[in-house]
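Working notes for the structure below.
Proteins get letters first, then strands, A, B, ... in listed order; numbering begins at 1 in each.
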There are 2 protein chains.
Amino acid sequence: MEDITLAPFAKKKLSDFVEESLNDYIDSLLKDGRTKLPPEIELAQDLSVSRTTIRRALSNLENRGVILRIHGKGTFINPNLSQAKLNITSGLPLLQLIENCGFKASVKVLDYDTAQPSPLQQSALKLKENSQIINISRVYYADKIPVVLLIDNIPAKYIGKNLSEKELENSTFELIRKHAGVLCIRDEVHISTANSGSIAAYTMGSNIINSDTALVFDIINYNEVNLPIFISKQFFNTNYITFNMVRILDVYE
Amino acid sequence: MEDITLAPFAKKKLSDFVEESLNDYIDSLLKDGRTKLPPEIELAQDLSVSRTTIRRALSNLENRGVILRIHGKGTFINPNLSQAKLNITSGLPLLQLIENCGFKASVKVLDYDTAQPSPLQQSALKLKENSQIINISRVYYADKIPVVLLIDNIPAKYIGKNLSEKELENSTFELIRKHAGVLCIRDEVHISTANSGSIAAYTMGSNIINSDTALVFDIINYNEVNLPIFISKQFFNTNYITFNMVRILDVYE
DNA sequence: AAGTGGTCTAGACCACGTC
DNA sequence: ACGTGGTCTAGACCACTTG
């Protein structure tokens, strides 16, 4: 018998279903060697939705780099589609990110302890005095190569105590959703870099991701009413994980 | 007499004007210590536009991290607003980026030469045999500290020959717009990191941005019909320039 | 019950590209 | 002239919060 826990999840919009349909449709077009999509009005009729809904789904696909829209000509599959797999703006769970990249992904828990929050953590998470923080360090592997180091700082109230190693292999996102019914729906990321010295400072001296330079994400995760829930620090070995981003520029005078 | 060159520029949408108005309005609210915006319907009436147009402008501000919207409660100014200045998805010109960050920005041309394209450049830019590439290296300073190294590879056809140092201090974006009437409206960015060795490889051995690790953007710029126009490589010293990003996550089962 | 943001529709008109 | 994507409007209905 599996242990079922009831926990909230976000509702899907019509345009999300449309986006999925279009995604599948694009795959099938590619198999036939076709690169042009039907006009928006036609797509709207085929899927029995309004043109606005189609356009919302297409905009999502455009921002993810999947399609290109050319005014007056049509909508086309991005010929660089393969580069769009690791979109930096997607915010996918790390295991899924690594899988998307074509690797076999796995995770190992490095460390798990309870501590007093630092003053910085206390103010970022708006914590009261005497509250406790759970720290979880994990390494993510791509085909057995360590590529990401993740350190999460989570207020104790959002997470079970004495979690098993098996449970800790779930994402923190999942843990707090199952344990406290809290959904993080937004994050703010600071992007910087680190040298081997500053990586080692987070892993008791051993440079576990085995690179002399790393991409660093400092993340604060928020729930739907903008309450800061937990903090993440992610180190990426960019010899294996390089992100992509599509930008549509404002080019005014 | 100034030398006026006619060159195309993008048209502004109504929602862009609305966004600017809202931006100014937000500044004035902040001066009064207020953090809540009026309801969307009210904003729409005040600015004499439809609610849809207001919502588009608000969505832009939300993606830039300027505001927060909470279902059922209202629209609020993001208390972390100051962190939103260097949004990685904005694609602003580097001088403007550095100024936004609160520094005095300047630029120096390091190198300027003509060469045969490498096979990689040739395929990325879809160049013919025997075409030529102009390479421009520039360093950008924040308060006299070198913080960005930029290397552009531009097909000769898009840019004037024998440009003066003064002209080269303009962005490549400007140069090709003025010279060839070409507008880049989209780019694709690969994000990685570099150690001091790989930075020095691009500056004849001297590590000009003076950091043992850098954030690297490899960029291909496209025009409105998806033709690749030119290539950029940007090295950021993240001791001075750290980017921010706001992500609104899809949290489905 | 009232207020506010979120999603969706139907339709109009415009701008750009092709023939 | 026609087809296509881009912007905007007006209005409906839903979901969430507050009183």
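- Counting only residues at least two apart or on different chains, no side-chain hydrogen bond (donor to acceptor under 3.5 Å, both in side chains) pair has a member in residues 24-33 of chain B.
- Rounded to an integer number of Å, the gap from CG of A:Leu68 to C1' of C:dG17 is 17 Å.
- Partners of B:Phe217 by ring-ring contact (aromatic ring centres under 6.0 Å, His included), not counting sequence neighbours, listed by chain and number: B:Phe236, B:Phe243.
- For the pair A:Gln121 and A:Leu127, the minimum side-chain heavy-atom distance is 4.5 Å or more.
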Could you write out each protein N or O paired with an N or O of nucleotides 4-11 of chain D at a distance under 3.5 Å?
| unit_1 | atom_1 | unit_2 | atom_2 | d |
| --- | --- | --- | --- | --- |
| D:dG5 | OP1 | A:Thr75 | OG1 | 3.1 |
| D:dG5 | OP2 | A:Glu40 | N | 2.8 |
| D:dG5 | N2 | A:His71 | NE2 | 3.0 |
| D:dG5 | N3 | A:His71 | NE2 | 3.2 |
| D:dG6 | OP2 | A:Arg55 | NH1 | 2.6 |
| D:dG6 | OP2 | A:Arg55 | NH2 | 3.3 |
| D:dG6 | N7 | A:Arg51 | NH2 | 2.7 |
| D:dG6 | O6 | A:Arg51 | NH1 | 3.2 |
| D:dT7 | OP1 | B:Lys13 | NZ | 3.2 |
| D:dC8 | OP1 | B:Leu14 | N | 2.3 |
| D:dC8 | OP1 | B:Ser15 | N | 3.4 |
| D:dC8 | OP2 | B:Ser15 | OG | 3.4 |
| D:dT9 | OP2 | B:Ser50 | N | 3.0 |
| D:dT9 | OP2 | B:Ser50 | OG | 2.7 |
| D:dT9 | OP2 | B:Thr53 | OG1 | 2.3 |

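- Remark: C1' of C:dT4 and CD of B:Gln45 are 14 Å apart, rounded to the nearest angstrom.
- Residues forming a side chain to side chain contact (heavy atoms under 4.5 Å, CB included) with A:Phe76 (at least two apart in sequence, or on another chain): A:Lys36, A:Ile70, A:Lys73.
- Counting only residues at least two apart or in different chains, side-chain hydrogen bond (donor to acceptor under 3.5 Å, both in side chains) contacts with residues 217-226 of chain B comprise A:Asn80-B:Tyr222, B:Arg186-B:Asn226, B:Asp218-B:Lys233.
- With sequence neighbours excluded, the residues forming a side chain to side chain contact (heavy atoms under 4.5 Å, CB included) with A:Gln132 are A:Thr114, A:Gln116, A:Ala156, A:Lys161, listed by chain and number.
- Rounded to 10°, the helix from C:dA1-D:dT18 to C:dT18-D:dA1 has 0° between the axis fitted to its first five pairs and the one fitted to its last five.
- Shown here are the side chain to side chain contact (heavy atoms under 4.5 Å, CB included) partners of A:Glu62, two or more places apart in sequence or in another chain: A:Ile67, A:Arg69, A:Ile248.
- Applying the side chain to side chain contact (heavy atoms under 4.5 Å, CB included) rule to A:Leu95 yields the partners A:Ala105, A:Val107, A:Tyr140; only residues at least two apart in sequence or on another chain are considered.
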